[in-house]
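In what follows, chains are A, B, ... by sequence order, proteins preceding strands, each numbered from 1.
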Amino acid sequence: MGSLLASAMAIGLAHSAYASDDDTIVVGLQAEPVTFDPTQISDLNTSRVARRLYEGLVGLKYGTYDLEPRLAESWEISEDELEYTFKLRPGVKFHDGTDFNAEAVKYSFERQIDENHPAHGSLTYRGAPSYLGPIDKIEVIDDLTVKITLKNPSGPFLARTVGMTMRIISPTALKKYGDDVGQYPSGTGPYMLEEWEPGIRTTLAVNPDYWGATPEIENLIYIPIVEPAARLSALTTGEIDLTVDVPFDSLESIKENPDVELQLGDSAHVWFVALNTQLSDPPFDNVLVRQAMNYAVDKEGIVKDILQGTASVSSGPLSAAYGALQNTDVKKYPYDPEKARALLAEAGHADGFGNCEFMVPESGSGMQAPIEMGTLIQANLAAVGINCSIQTMEWGAYLKAYREHPQMAQMSWNPPIGDPDIVLNNLLNSSNFPPGWNAGSYKNERVDELVSGAQKISDPDARREMYLEAQTLIAEDAPWIFVNHGSQIVAHTAKLKNFLVSPDFDLIVEYATFEE
Amino acid sequence: MRNYLLKRLAQTIPVLFGISVLVFSMLHLAPGDPADLLLGPDATPEAVAELRSDMGLDRPLVVQYGAWAGRILQGDFGRSVVLNRAVLPEILKRFKNTAILTAGALVFAVIFGIGIGILAAVFHQTAFDSTAMLVALAGLSMPTFFTGIAGILIFAMGMQVLPSSGMYPARGGDFFDLLRHLVMPAITLGAVSAAILARMTRSAMLEVIQQDFIRTARAKGVSERGVVWVHALRNAAITIVTVLGMQIGYLLGGSVITEAVFSWPGLGQMMVRAIQARDYPTVQGGVLLIAMSFVFINLAVDLIYAWIDPRIRYS
């Protein structure tokens, strides 16, 4: 008994200082990955792991939304914008040792759209309608050439090939594992799955046959830590090297810790309050009222005091991560309660109005600090005479209620791809009225025309012009209270260098290194 | 005895049926829709409707319940909507981890709860007694998430003597690592039970100690240790075991919050996630499993009565 106790203590001590070795990065996620079938992934935590395993025909230039060749070396788009011919990279192998080729591309895509496909199985392919919907047929021209013909020209098609749904998986693995392929992933990425203990850890090992530059870091370990305080504790004690979504009230303590560094990354995130633009009581159908509400809210205050400076004030749906596609020359609404009161008077509501119901979720993906922010917005509006009552809801229930004609409701959006279509079309085109995601039933015929039009062409310059004009009109119409674009907040040990935060919320750790 | 056992087992059937109906209707009547949550904001209303119909959510509740219950009777717990795997092996895997946590909490609660309770009874109306009962009252009143987070801040972040989360270190570990990781969650989870046990043990012991047979035992020269351990404790045991049995059930259910705070990969944490995603098959399967263990623990407690007190007979 005595010796058992002694050895227990000895082993306990040996492990009490977490050995941090230089060939492994440990990442603390908020939740565990759920499946590694690329067609079944819809949450950020899973895709942060799966993006190491799978690649698409096209990729993002690391840390930006710019497209660059990945599994396809080049592509050509026909004159009528219907045929996309991809020249594939030679010599690429899946993790199971089989060859990547045109047949694999066809198999990965057709599995999702053809109900009679041998690998269709009993799964629901949630991304297929939006990502693969435009595809008419997929032809194998030769081993390394694949031609995809679209039903109609589609502006966002190329950008969507970056998405998880369109990443290529080994047909051999699909044939072998069927619906369970999510537990036995086989992609072409720089890392492959070594061990997966659900709820405990996911270990990836470097792919020795990777076609590109082989990462220096041998292993990536992802562990789920649900509680933010525990996540921070694991970082400060060195158990993990990197973590995301640090709580706002812990930012100060991190800044004071010399062993830990904070990195803020640009993101395409947008946080807003949707107003029901068809409603006459409260008078949200009046553009002057909506503009007044935008002037009434102290967005700078929210960013500075609640979000601790980890966001930028928003003046439209698209953030700076969209680069030249973001229109910065739009009508802006700085905090100006006087102007808000004047606009309300002009709209015939000099005394303000009440009976407004403001829906606020208790938490939710990308929602930042919804209750604190909602309370501040409520107080700001009350100061100019608009009295709203807050109704809070659990996130699952909220998502449903949001799409059932709320008067006024918070929402945020983490676009998975870098094309403005997924923001402007999904959230503001009148074709997406509730139960679609245009919850405020915003309708401006010119905006509809521009946004729908940009879907049907692929010329980048023409599309950009259309999106810029749409943004000008949207800012004028103020269908939302524009609030902020949040940064991605990543905390890591100071020794970790050269890792990147991507605007699509990815954590690119493959080219990271440790430096003393 | 055999008849009693069969009768008791038969009684579990309506209990489990009632629980399953309750869980099923509560889940399905709660606002929120798995199809919405699964598909996310990029989905068209048509896609949501199609998925609802694929999942059978557009059928009347009674039909949905019948289909689910029919499959459960054949041992088919369905497929998790979120994990895309069969529910049963997953919940069993997590249940094992929850059982480890519960066992740890129970060991803590028994040693500290019963130990302090006995000492408080023996040293009745001393400073030890009142301090112990004050600590027990505090343990009883502090919510688990507070105790847990306070523990993380003090022992993991501040003193850095215990790990803050998980079952094993990030880079892997052995049985002793598991024990180190178990300390904080087990104490956090077991604190309330320890407090209840301490108070119940103390009052049960006090009641027994004041009875005539204890005086007789003392009079015939039995040592004080013998009086406490053999005569008093054995007679107080029925109360203690009853409370203990109820506490095991409480610990299994109460592990939900503790597991979330410490990222313990158990059934509780899995259930929280499943509820958030309205993963009906997982939630229903998990609740049924916990309810079943609760029923069987109660049965075991009833059987232990006869062993403690030979006067009890089952018929």
Side-chain angles (χ1 to χ4, degrees), chain A residues 7-8 11-12 15-16 18-19 21 24 26 28 31-32 34-35 37 40 42 122-124 126-127 129-130 179-180 182-183 197-201 221 223-227 229-234 236-237 239-240 393-401 403 413 416 422 426-427 432 435-437, chain B residues 30-33 36-48 50-51 54-55 79 82-85 90 93-94 97 148-149 152-153 156-157 160-161 163-174 176-177 179-180 259-266 269-270 272-273 275-278:
Chain A
S7 63
I11 294 171
H15 280 268
S16 63
Y18 300 103
D21 33 55
T24 303
V26 183
E32 60 176 308
V34 291
T35 169
D37 180 342
Q40 302 299 314
S42 58
S122 64
L123 301 177
T124 302
R126 57 199 91 181
S130 43
D179 285 357
D180 290 326
Q183 294 166 56
E197 296 159 85
I200 299 177
R201 76 174 73 77
I221 298 176
I223 60 168
I225 308 181
V226 185
E227 172 59 39
R231 229 163 30 236
L232 263 191
S233 159
T236 47
T237 54
E239 185 173 9
I240 60 174
M393 246 180 265
E394 179 269 338
W395 182 236
Y398 188 87
L399 278 182
K400 190 161 179 66
R403 306 209 305 183
W413 189 226
I422 204 166
N426 291 30
L427 303 181
N432 282 317
W437 287 92
Chain B
D33 191 313
D36 261 334
L37 288 159
L38 257 182
L39 292 175
D42 201 13
T44 58
E46 294 78 36
V48 174
E50 199 188 313
L51 181 57
D54 281 355
M55 294 165 87
R79 225 176 144 84
V82 174
L83 295 174
N84 243 315
R85 304 179 194 191
E90 287 303 314
K93 220 182 291 170
R94 309 291 172 127
N97 296 342
I149 292 176
I152 291 176
L153 291 178
M157 237 168 153
Q160 307 204 351
V161 289
S164 61
S165 63
M167 257 176 101
Y168 293 99
R171 292 171 170 84
D174 50 27
F176 297 106
D177 287 311
L179 289 185
R180 279 181 33 124
E259 286 178 8
V261 171
F262 291 100
S263 297
W264 191 266
Q269 212 200 114
M270 187 190 201
V272 171
R273 226 179 147 186
I275 291 168
Q276 284 168 349
R278 305 292 188 270

Per-residue contact mode, [X] against chain B (heavy atom under 4.5 angstrom):
| X | value |
| --- | --- |
| A:Thr236 | both |
| A:Ile223 | side chain |
| A:Leu123 | side chain |
| A:Asp179 | both |
| A:Glu32 | both |

Nearest heavy-atom pair of [X] and [Y]: which atoms, and what distance?
| X | Y | answer |
| --- | --- | --- |
| A:Ser233 | B:Ile152 | CB-CG2, 4.0 Å |
| B:Arg85 | A:Val34 | NH2-O, 4.1 Å |
| A:Thr24 | B:Arg171 | O-NH2, 3.9 Å |
| A:Leu232 | B:Met157 | CB-CE, 3.8 Å |
| B:Ser165 | A:Ala230 | CB-CB, 4.1 Å |

Carboxylate-amine/guanidinium contact B:Arg180 A:Glu239, below 4.0 Å = no

Picking from B:Ser263, B:Ala156, B:Gly266, B:Gly166, which has the most non-hydrogen pairs under 4.5 angstrom with chain A?
->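 The answer is B:Ser263.
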
For residues B:Gln276 and A:Glu394, determine if any side-chain heavy atom of one lies less than 4.5 Å from a side-chain heavy atom of the other.
->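 A side-chain contact exists here, since the closest heavy-atom pair is under 4.5 Å.
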
Would a 4.5 Å heavy-atom cut-off, applied to side chains only, mark A:Pro198 and B:Arg94 as touching?
-> yes

Report yes or no: does A:Arg201 contribute a side-chain atom to a donor-acceptor pair with the main-chain N or O of B:Pro169 at less than 3.5 Å?
->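 Yes, because the side chain of A:Arg201 sits within donor-acceptor range (under 3.5 Å) of the backbone of B:Pro169.
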
CD1 of A:Ile200 to CH2 of B:Trp264, rounded to nearest 0.5 Å, is 9.0 Å

Structural part of B:Gln269 lying under 4.5 Å from a heavy atom of chain A = side chain

